[in-house]
Amino acid sequence: MVRLQKKLFGTNGIRGVANKDITAKFCINMGSAIATHFGSGTLIVGCDGRTSNQMLKSAVISGIVSAGLGVLDIGLCPTPALQYALPHYGVRGGVMITASHNPPEYNGIKVIDRDGVEISSEEELAIETIYFEKKQRLAEWNKIGRIQTESKACDVYKEAIKIHVTGKDEIRRAKLKVVVDPANSVGALVTPYVLRELGCSVITINGHIDGTFPGRTPEPTPKTLKNLSKIVTGVGADFGVAHDGDADRAIFVDETGVVQPGDRTFALIEKHVLSKNPKNKVVTPVASSSMIEEIASQYDSKIVWTKVGSVDVSRAILRENSILGGEENGGVFFSEFQPVRDGAMTAALIAEIVAKSNKSLFTLLGELPQYFNIKLKTSCPNEKKAQVIEIILENTKEYDSITIDGTKILTDDGWVLIRPSGTEPVFRSFAEAKTQERAKELAEWGISLVKDAQREL
Ligand code: MG
């Protein structure tokens, strides 16, 4: 039977509560399903710092070798370090045990292809089919895979990041003071070292690995980063940087203590990268700010819009041969290094930008185009979402729109993105304009379009 709907994999792999949804038994069966899908060769396995990481990693490894594939266990590492390791060690694929920004009780599985990018939805569906139909391969006793360990993967990754920093002399001369908050997880193994080796003076908070996340929860938000803000201003640092649980994202605090939205720091990196490489392509989801497009046009560059989700951005970067990608949640894809979001690389780029400009992060961000955003939501039963969006498209067909993910309606002085949520029975209306009043008006218009469409059903 061909299944069309994924049941286990979401936008970024499989997620659930450890020992409830994600058990050791589940991981053995899923590990062997993943190995059966890949067919042959060796898979790299790594994990973030959660309390269930060793148990679940051991189970995934048992499943993989039982299907006859080899394992290279690289242990604790950020997701981008594992992604970098795949082409570096030339293996068939990889499995990362992480729940990224989810609360401490969660864990999960991300499956990575040989190019370092997460596998496609079709491949996830193929793995689920093997899992549900119990089609896992069981190797003969003398064909069981070998388990090897590799302790240098994080060092290899750190060195590779430094190679891609062009402002090393300027960073050394600027003597930047940086506060790093890796949320007691694997970012602690890389970012403080990279910045210090580049010549920054580094203070690390929440720097020991502890799966209970005693310092803060793993999602970097203005609320969870209050301590980082205080320390940045308290010690007079040039900036602060915080990661999520697997350190593929980076959120920055400027020297005045303000936690900056991810697309503003992305826009700064975009300006820096395009000033050296004009006439290029920048990939970003439809939810990103117009400032990304405005900066691209200043450098004769084009925006490639994608659905919201890091895998879509990575795949578009490869397809379009783009130099850069970014998301509003602090994911930056610097494809000269690797086409995946990478927290430590992003931290190094911001250090380079601040050092080269001789300006503060606050000043640099203030020079970017200014926009205002409003996010609203309204309820809508999941089964009605497809029809509702059809009606909205029909009712707004006189407007220019981008319909990759919901519909983004473009007006002369702003836009509104109307999108069904992937996880809740709601529609989101996300608007942006040059004034707060206009953004509010557009977001409310988005909500009224959803409500009118539901009445028409
Ligand atoms: Mg993450």
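None of the values given here were measured: they were computed from a predicted structure.
- Annotation for Phe213: atom CZ counts as buried by contact number, over 12 foreign heavy atoms lying within 6.0 Å.
- Scanning all heavy atoms of the two residues, the minimum distance from Gly94 to Leu43 falls at N-CD2, 4.4 Å.
- In this structure, Asn280 and Pro278 have side chains that are not in contact, with every pair of non-hydrogen atoms separated by 4.5 Å or more.
- Lys7 has no carboxylate O lying under 4.0 Å from a charged side-chain N of Glu128, or vice versa, which leaves the two without a salt bridge.
- When only modelled atom types and interatomic distance are considered, Asp248 and Thr79 share no side-chain donor-acceptor pair under 3.5 Å.
- Residues Thr411 and Asp413 bring a donor and an acceptor atom of their side chains to less than 3.5 Å of each other.
- Salt bridge present: Glu219 and Arg249 bring a charged side-chain N and a carboxylate O closer than 4.0 Å.
- Under a 3.5 Å cut-off, the side chain of Ser314 and the backbone N or O of Val311 do not form any donor-acceptor pair.
- At a threshold of 4.0 Å, the pair Lys440-Glu437 does not count as salt-bridged, since none of the basic side-chain nitrogens sits closer than that to a carboxylate oxygen.
- A salt bridge does not link Asp21 with Arg15: every distance from a Lys NZ or Arg NE/NH1/NH2 to an Asp or Glu carboxylate oxygen is 4.0 Å or more.
- By the 4.0 Å N-to-carboxylate-O rule, Arg216 lies close enough to Asp181 to be salt-bridged with it.
- To the nearest 0.5 Å, atom CD1 of residue Ile418 and atom CD1 of residue Ile447 are 8.0 Å apart.
- Contact check for Val178 versus Ile350: no side-chain heavy atoms found under the 4.5 Å cut-off.
- Of the possible donor and acceptor atoms, none in the side chain of Glu328 sits under 3.5 Å from a partner among the backbone N and O of Pro261.
- A distance-only check finds no donor-acceptor pair linking the side chain of Thr363 to the backbone of Lys359 [under 3.5 Å].
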Working for side chain to side chain contact (heavy atoms under 4.5 Å, CB included), residues Met55 and Ser52: CA-CA 6 Å; Met55 172 184 78; Ser52 53; 4.2 Å; yes

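- With no hydrogens or angles considered, a side-chain donor-acceptor pair links Asn382 and Lys385 at under 3.5 Å.
- Neither side chain, Thr98 nor Lys110, offers a donor N or O lying under 3.5 Å from an acceptor on the other.
- Residues Thr166 and Glu352 have side chains that bring a donor and an acceptor to within less than 3.5 angstrom of each other.
- Under the side-chain hydrogen bond (donor to acceptor under 3.5 Å, both in side chains) criterion, Ser290 pairs with Trp415, Glu432, not counting sequence neighbours.
- The backbone N or O of Asp342 lies less than 3.5 Å from no partner atom in the side chain of Gln83, so there is not a single donor-acceptor pair.
- Counted within 6.0 Å of NZ on Lys302, heavy atoms from surrounding residues, nucleotides or ligands total 12 or fewer; the atom is thus considered open.
- Between His243 and Thr191, the side chains place a donor N or O and an acceptor N or O closer than 3.5 Å (distance only, hydrogens not considered).
- With hydrogens and angles ignored, the 3.5 Å screen pairs no side-chain donor or acceptor of Glu327 with any backbone N or O of Asn329.
- For the pair Asp238 and Lys177, the salt-bridge criterion is not met [side-chain N within less than 4.0 Å of a carboxylate O].
- A donor-acceptor pair is defined here as one N or O able to donate and one able to accept, closer than 3.5 Å; no such pair exists between the side chain of Lys162 and the backbone of Lys168.
- For residues 306-342, the pairs satisfying ring-ring contact (aromatic ring centres under 6.0 Å, His included) are Tyr84-Phe337, His164-Phe337, with sequence neighbours left out.
- Contact of the Asn184 side chain with the Pro214 side chain is registered, since non-hydrogen atoms from C-beta on lie closer than 4.5 Å.
- Taken to the nearest 0.5 Å, the CG atom of Asp400 stands 15.0 Å off from the NZ atom of Lys397.
- Between the Ser357 side chain and the Ile353 main chain, a donor and an acceptor come within less than 3.5 Å of each other.
- Remark: side-chain polar atoms of Ser185 are paired, donor with acceptor, to backbone N or O of Gly245 under 3.5 angstrom.
- You'll find the side chain of Thr407 reaches within 4.5 Å of the side chain of Thr403, heavy atoms only.
- With respect to Glu170 and Lys175, no salt bridge is recorded, no charged nitrogen being found less than 4.0 Å from a carboxylate O.
- Although no hydrogens or angles enter the test, the distance criterion places a donor-acceptor pair under 3.5 Å between the side chain of Ser301 and the main chain of Tyr299.
- Between Asp246 and Arg341 no salt bridge is recorded (no basic side-chain N to carboxylate O distance below 4.0 Å).
- Asp254 places a side-chain N or O within 3.5 Å of a backbone atom of Val258 that can act as its donor or acceptor partner.
- Among pairs with a residue in residues 356-376, none fulfils ring-ring contact (aromatic ring centres under 6.0 Å, His included), at least two apart in sequence or across chains.
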